[in-house]
Each structure stands twice: as structure tokens, then as C-alpha cells.
A.B. asks: 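My questions will all concern the structure given below.
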There are 2 protein chains.
Amino acid sequence: MEPNPVIKGSLTTIILKLLEESGRMYGYEMTRAVREVTKNKMDITEAALYPALHKLVDEGMLETTSEVVEGRMRKYYSLTKKGKKETVFKINALKEALESLNIILNSNLSNG
Amino acid sequence: MEPNPVIKGSLTTIILKLLEESGRMYGYEMTRAVREVTKNKMDITEAALYPALHKLVDEGMLETTSEVVEGRMRKYYSLTKKGKKETVFKINALKEALESLNIILNSNLSNG
DNA sequence: TGCTTATACCTAACAAAATTAGGTATAAAA
DNA sequence: TTTTATACCTAATTTTGTTAGGTATAAGCA
């Protein structure tokens with residue numbers, strides 16, 4: 001059973017949501033957290049994740065601090081003030097979009 | 001209140017779902033149907049829709065019949081046998097992906 | 001009559017975002 | 001010592017949607 005890819009366009013919002021919940025996380029940790037909470041059904045790939053993280057930093061949504069832990073580098077990301085505001089909007093927009101999509105996927109035109 | 005864009009990657013599945021429900025529809029009708037069932041919250045643009053329809057025809061998922069109704073051309077689309085099978089898979093995959101996304105958006109790591 | 005709105009199809013150029021397919025490096029386990 | 005896990009990353013390509021149009025008919029309004 002292969003995992004679903006991330007629904008396109010939702011990756012940025014997923015990142016923001018994870019950071020809103022956790023305070024700070026590093027990239028690799030995000031990939032594991034998503035696998036875990038979705039029981040391996042969703043997999044965010046590192047090749048999509050890292051560029052998305054860098055873009056959010058460029059946009060002023062995230063800030064980073066780097067640490068070396070057990071001989072390996074970790075780059076922690078956290079929300080900036082601007083990022084916190086944006087997170088609220090993005091999550092609401094995505095939730096609304098998901099509701100619309102659910103209406104279509106669950107509609108039964110012949111009965112409704 | 002501007003409508004949400006379609007969640008990227010879901011347009012194909014939306015088309016298949018509409019045709020599974022309705023049997024046959026034409027492009028313009030699909031844009032109206034989506035607006036109506038979602039109460040104007042989702043808007044599928046014709047510039048995204050028509051290329052997506054053509055691609056599905058190329059892939060053998062849809063077949064078309066053209067008619068002139070009230071002086072205007074209508075191109076009706078319906079699912080092929082292959083398209084019907086594919087529709088089941090695509091809808092299930094998208095529903096699973098939405099469930100995973102909902103888990104993340106509704107997760108409260110501090111309480112869970 | 002002329003203008004606008006609704007219906008109905010479409011494409012080209014561009015941008016955004018993810019995929020494919022790698023690469024580097026350390027630590028731990030087999 | 002080879003593999004697995006951790007941890008970062010990029011380049012080229014593909015997929016998909018957006019922006020910004022175009023064509024044409026019919027109906028409604030001024």
C-alpha cells in the first residue's frame with residue numbers, strides 16, 4: 001500500500017500547521033511526524049519539503065536556528081510573527097477548500 | 001468573498017466524479033454545476049477545465065459527442081469503460097488523501 | 001440599433017509546485 | 001564493512017493551474 005502523495009498545493013499549509021502546533025521542528029522531523037500521525041498514508045518527500053521551507057524563509061514566514069546534535073546538523077524552523085498570522089489564513093482557506101471538495105465527492109446528484 | 005481555487009491536482013477527479021454522477025455533461029455545464037453545489041465557494045476555470053478534459057480524452061478515459069443546441073455547440077463528455085474503472089480508484093485515492101490532510105489540520109499535538 | 005450578458009467552445013505564454021533522480025555526510029546497527 | 005537511519009540539499013523535468021486573452025451565437029435592454 002503506497003502512501004498518498006501530499007495533495008498538491010497543501011504542503012506549505014501543512015508545514016505552517018506543524019510549526020504552529022510544535023513551536024519548532026527540523027525538516028527531517030516533519031517528514032517523520034506526518035508519516036506517524038497519518039499512519040504512513042501520507043508521505044511528504046524531502047525534495048518537495050526543503051525547497052518549500054526555503055521559500056517560506058525567503059518570504060519571512062519562518063526563521064531558522066542551526067544546531068549540531070549527535071554529530072549531525074539540524075536546522076530548526078519556527079514561525080515568525082508574520083508567519084503566525086499567515087498560518088491562520090492559510091489553514092482556514094484550506095479547510096474551506098476541503099469542504100467544497102468534500103461536497104463534490106460526496107454529492108449524489110441523483111438523490112439531491 | 002472570492003471563491004477558493006480548485007485544490008491543485010483534484011480537477012481531474014472532480015471531472016470524473018461529475019460524470020460518474022451525471023452520465024454525461026458538457027464543459028460549461030460542469031463549471032456551473034460546481035459553482036452551484038458549492039454555493040460559489042469553488043470555481044473551476046474554463047482555462048483549466050478544457051485542457052484537462054482533452055487530456056482525459058487522449059488518455060481514453062472520456063469520449064465525446066457534439067450537438068448543436070439552440071444554435072450553439074455543445075460537446076458532451078462521458079466516461080469510457082476504462083474511465084469508469086479509473087474513476088473508482090481516483091475518488092478513493094483522493095478521499096484517503098483528504099482524510100490524511102484532515103488529520104494533520106485537526107491534530108492537536110499538545111493534547112494528543 | 002447597439003451594447004451587454006450569458007452561453008459555449010478554445011489556446012498560448014507563463015508561473016507554481018511537485019516529481020524524478022540524484023548528491024553529501026555522520027552514526028549506528030547488522 | 002555494508003546497510004540503514006539520520007539530516008541536509010539541488011538540478012532538470014513534468015504536471016497543473018493562472019493569466020489573459022480569442023471566437024461565436026442568442027437574448028435582453030436601452
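Lettering follows sequence order; numbering is per chain, from 1. The basis for the numbers below is simple: all heavy atoms, side chains too, and nothing from hydrogens, waters or symmetry mates.
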A.B. asks: Strictly below 4.0 Å, N to O, side chains only: are A:E63 and A:K84 in salt-bridge contact?
C.D. replies: no

A.B. asks: Starting at NZ of A:K55 and ending at C1' of D:dT10, how long is that distance when rounded to a whole Å?
C.D. replies: 17 Å

A.B. asks: Classify B:T45 by what it touches in the nucleic acid, base, sugar-phosphate, or nothing, heavy-atom distance under 4.0 Å.
C.D. replies: sugar-phosphate

A.B. asks: Rounded to whole angstroms, how far apart are CD on B:E29 and P on C:dC9?
C.D. replies: 9 Å

A.B. asks: For B:K90, does the NZ atom sit with more than 12 other heavy atoms under 6.0 Å from it, leaving out its own atoms?
C.D. replies: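 Counting neighbours around NZ of B:K90, 12 or fewer heavy atoms of other residues, nucleotides or ligands fall under 6.0 Å, so no.
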
A.B. asks: Give the rounded distance in Å between these two atoms: CG of A:L53 and P of D:dA7.
C.D. replies: 15 Å

A.B. asks: Please determine if A:E59 and A:K55 form a salt bridge, counting it only when a charged side-chain N lies under 4.0 Å from a carboxylate O.
C.D. replies: yes

A.B. asks: How do A:A48 and A:M73 order along DNA chain D: which one's closest nucleotide is nearer the 5' end?
C.D. replies: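 Its nearest nucleotide being more 5', the pick is A:M73.
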
A.B. asks: Ignoring backbone atoms, test whether B:K75 places a side-chain nitrogen or oxygen under 4.0 Å from the OP1 or OP2 oxygen of C:dC10.
C.D. replies: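 So the side-chain polar atoms of B:K75 do come within 4.0 Å of the phosphate oxygens OP1 or OP2 of C:dC10, strictly under.
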
A.B. asks: Choosing from D:dA7, C:dC9, C:dT11, which nucleotide comes nearest the side chain of A:Y28?
C.D. replies: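 My answer, after comparing the listed nucleotides, is D:dA7.
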
A.B. asks: Roughly how many Å is it from NE2 in B:H54 to C1' in D:dT15, rounded to a whole number?
C.D. replies: 18 Å

A.B. asks: Please step through side chain to side chain contact (heavy atoms under 4.5 Å, CB included) for the pair B:M61 and B:L79, ending with a clear verdict.
C.D. replies: CA-CA 6 Å; B:M61 304 296 173; B:L79 294 170; 5.7 Å; no

A.B. asks: From CD of A:E59 over to C1' of C:dA17, roughly how many Å is that when rounded to an integer?
C.D. replies: 12 Å

A.B. asks: Going 5' to 3' through nucleotides 22-30 of chain C, assign each nucleotide B (protein heavy atom under 4.0 Å from a base atom), S (under 4.0 Å only from sugar-phosphate atoms) or - (no protein heavy atom that close).
C.D. replies: ----BS---

A.B. asks: Would the distance check show the side chain of A:T31 and the main-chain N or O of A:Y28 forming a donor-acceptor pair, the cut-off being under 3.5 Å?
C.D. replies: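 Flag set: sc A:T31 to bb A:Y28 pair under 3.5 Å.
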
A.B. asks: Side chain of B:Y50 only, please: which of C:dC9, D:dC9, D:dT18 is the nearest?
C.D. replies: C:dC9

A.B. asks: Return the value, rounded to whole Å, for the distance between atom CE of B:M30 and atom P of C:dT7.
C.D. replies: 16 Å

A.B. asks: Look at A:R32 together with A:E36 and state whether they make a salt bridge at an N to O cut-off of under 4.0 Å.
C.D. replies: no

A.B. asks: Within this structure, what is the CE-to-C1' distance between A:M42 and C:dT19, rounded to whole angstrom?
C.D. replies: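 So the CE-C1' distance, A:M42 to C:dT19, works out to 16 Å.
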
A.B. asks: Return yes if some donor-acceptor pair links the side-chain N/O of A:T64 with the main-chain N/O of A:Y76 below 3.5 Å, else return no.
C.D. replies: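 Not confirmed, A:T64 side chain does not pair with A:Y76 backbone.
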
A.B. asks: Could you give the OH-to-P distance, from B:Y26 to C:dA6, as a whole number of Å?
C.D. replies: 15 Å

A.B. asks: Which comes earlier along DNA chain C counting from the 5' end, the contact point of A:L11 or that of B:V69, where each point is its nearest nucleotide?
C.D. replies: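 Whichever sits nearer the 5' end wins; that is B:V69.
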
